[in-house]
Structures are given as C-alpha cells and as structure tokens.
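For reference, the structure is listed below as structure tokens.
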Amino acid sequence: MATIGLHRISLRRAVLTVAGDDYHASVNQVELIPEPLWEWESPLGADPMRGAYPVLTGVRWTVLVGFVQDFRTPDSLSVYLVEHAAQIKTVTFTPDDGGRTVTVDVMILPARLGGVTGDILTAVAELPAYGAPDLGE
C-alpha cells in the first residue's frame, strides 16, 4: 500500500480569473461543487432490496464564487456578472500552493445585489459548469 503525502492549500494567495480577468481582490470564496447523478439498477426478477445497486449516470458541476459587491469599479465582478449574463466564459482557479490550475467553462449568471444596512455587501454567484473541471497538471 502506498503512503500518500499532503500539501495543504488555502485561498491566501489564490487567483480566480473569468475570461482572463483577475478578480482575486474581491473574491473570498471559491468552490467547485459536484452533483453526482445516479439511479438504482436491478436485474430483471431480482429482489429489489438485495439485488439493486447504484449506477452513476453523470456528474453536474457548479462553481460557487463568493465576493464583495462593487458597483463603482467599471469592470468589477458584480458588474461583469450582470452585463455578461447567459454567456459562456472560462474560469480558472489557482490556489496559493503554486500547484494545479483548475479550468472550467461556466454560464455567467448574476448574483444577489444589495444587502443589510451597515454591512459590507457580499454575494455568491452560482455558475453552472459545462462538463467537468480540468484539474491541470
């Protein structure tokens, strides 16, 4: 049996780009969330409680991006998500360890606008992915 090492990562110096533009200054959360799609399969005539087994039929991915809202900066992520809604763009995410860069094509969707009085306004964009992310090398 192999012993597998560990290289911890964090978002301290992570970079997130959308269509080549770097948004790391406003981003405080990046998550690539899989949604496994599966169904029960049972051979004909088998006891459904004992003969059934799960079959993976696919995986849908969503990219969650948490960020501070900004409507003063012309090219901010807040503005970008509204102005480019429904467009397909490439997102890249590189954690601060200098390791792999994850790349995935997503549909741009707007996020929440506004919030609670007295708070720094934040939002989370949920961007559906086209296929699985490429984990790079």
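In this chain, residues are counted from 1 in sequence order. If you're wondering where the values come from, they're calculated on a predicted model, not measured in any experiment.
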### Query
Is the side chain of Asp134 donor-acceptor paired with the backbone N or O of Gly136 at a distance under 3.5 Å, no angle test?
yes
### Query
Hey, quick one: are Val59 and Leu127 part of the same hydrophobic cluster, counting side-chain heavy atoms closer than 4.5 Å, chains of contacts allowed?
yes
### Message
Is it true that, when you exclude Asp119 itself, more than 12 heavy atoms of the residues, nucleotides or ligands shown sit nearer than 6.0 Å to its CG?
### Response
yes
### Task
Could you walk me through whether Ile108 and Tyr80 pass side chain to side chain contact (heavy atoms under 4.5 Å, CB included), step by step?
CA-CA 9 Å; Ile108 300 299; Tyr80 186 92; 4.1 Å; yes
### Query
Which is it for Val104 and Trp61 under the side chain to side chain contact (heavy atoms under 4.5 Å, CB included) test, yes or no, and what are the steps along the way?
CA-CA 9 Å; Val104 64; Trp61 288 85; 5.7 Å; no
### Message
If you count heavy atoms of other groups shown closer than 6.0 angstrom to CD of Glu126, is the number above 12?
### Response
no
### Query
Any chain of hydrophobic side-chain contacts (each under 4.5 Å) joining Val102 to Leu64?
no
### Summary
Shortest non-hydrogen pair, Leu37 vs Leu56, comes out as O-CD1, 3.3 Å
#### Entry: Closest non-hydrogen atom pair between Pro110 and Ala85, with its separation
CD-CB, 3.8 Å
### Query
So among Leu77, Val124, Val18, Asn28, which one has a side-chain contact (heavy atoms from CB on, under 4.5 Å) with Val65?
Leu77
### Task
Please check if atom CD1 in Ile120 has more than 12 non-hydrogen atoms from other residues, nucleotides or ligands closer than 6.0 Å.
no
### Query
Under the 3.5 angstrom rule, does the side chain of Gln69 hit a backbone N or O of Ser78 as a donor-acceptor pair?
no
### Message
Hydrophobic clustering (ILVMFWY, side-chain heavy atoms < 4.5 Å, transitive) - are Leu32 and Val106 grouped together?
### Response
yes
### Query
For Ala123 and Arg112, which heavy atoms make the closest approach, and how far apart are they?
CB-O, 3.6 Å
#### Entry: Criterion side chain to side chain contact (heavy atoms under 4.5 Å, CB included) on Thr62 and Glu35, from CA distance to verdict
CA-CA 8 Å; Thr62 301; Glu35 179 188 349; 5.7 Å; no
### Message
Is there a continuous path of hydrophobic side-chain contacts, each under 4.5 Å between heavy atoms, that joins Val68 to Val63?
### Response
no
### Query
About how many Å separate OG1 of Thr92 and CG of Asp21, when rounded to the nearest 0.5 Å?
10.5 Å
### Same apolar cluster: Val15 and Val91, side chain cutoff 4.5 Å
no
#### Entry: Beyond-backbone contact of Leu109 with Pro128, side-chain heavy atoms, under 4.5 angstrom
yes
### Query
Does Val27 reach the side chain of Phe93, with side-chain heavy atoms less than 4.5 Å apart?
no
### Message
Once rounded to the nearest 0.5 Å, what's the spacing between atom OH of Tyr130 and atom CZ of Arg60?
### Response
13.0 Å
### Task
Start with the C-alpha distance between Val79 and Phe71, add both sets of side-chain angles, then the distance that settles side chain to side chain contact (heavy atoms under 4.5 Å, CB included), and finish with yes or no.
CA-CA 6 Å; Val79 172; Phe71 293 98; 4.0 Å; yes
### Message
In the structure I gave you, are the side-chain heavy atoms of His24 and Leu16 within less than 4.5 Å of one another anywhere?
### Response
no
### Message
If you apply the rule side-chain hydrogen bond (donor to acceptor under 3.5 Å, both in side chains), what do you find for Asp22 with Thr17, and how did you get there?
### Response
CA-CA 4 Å; Asp22 182 353; Thr17 67; over 6 Å; no
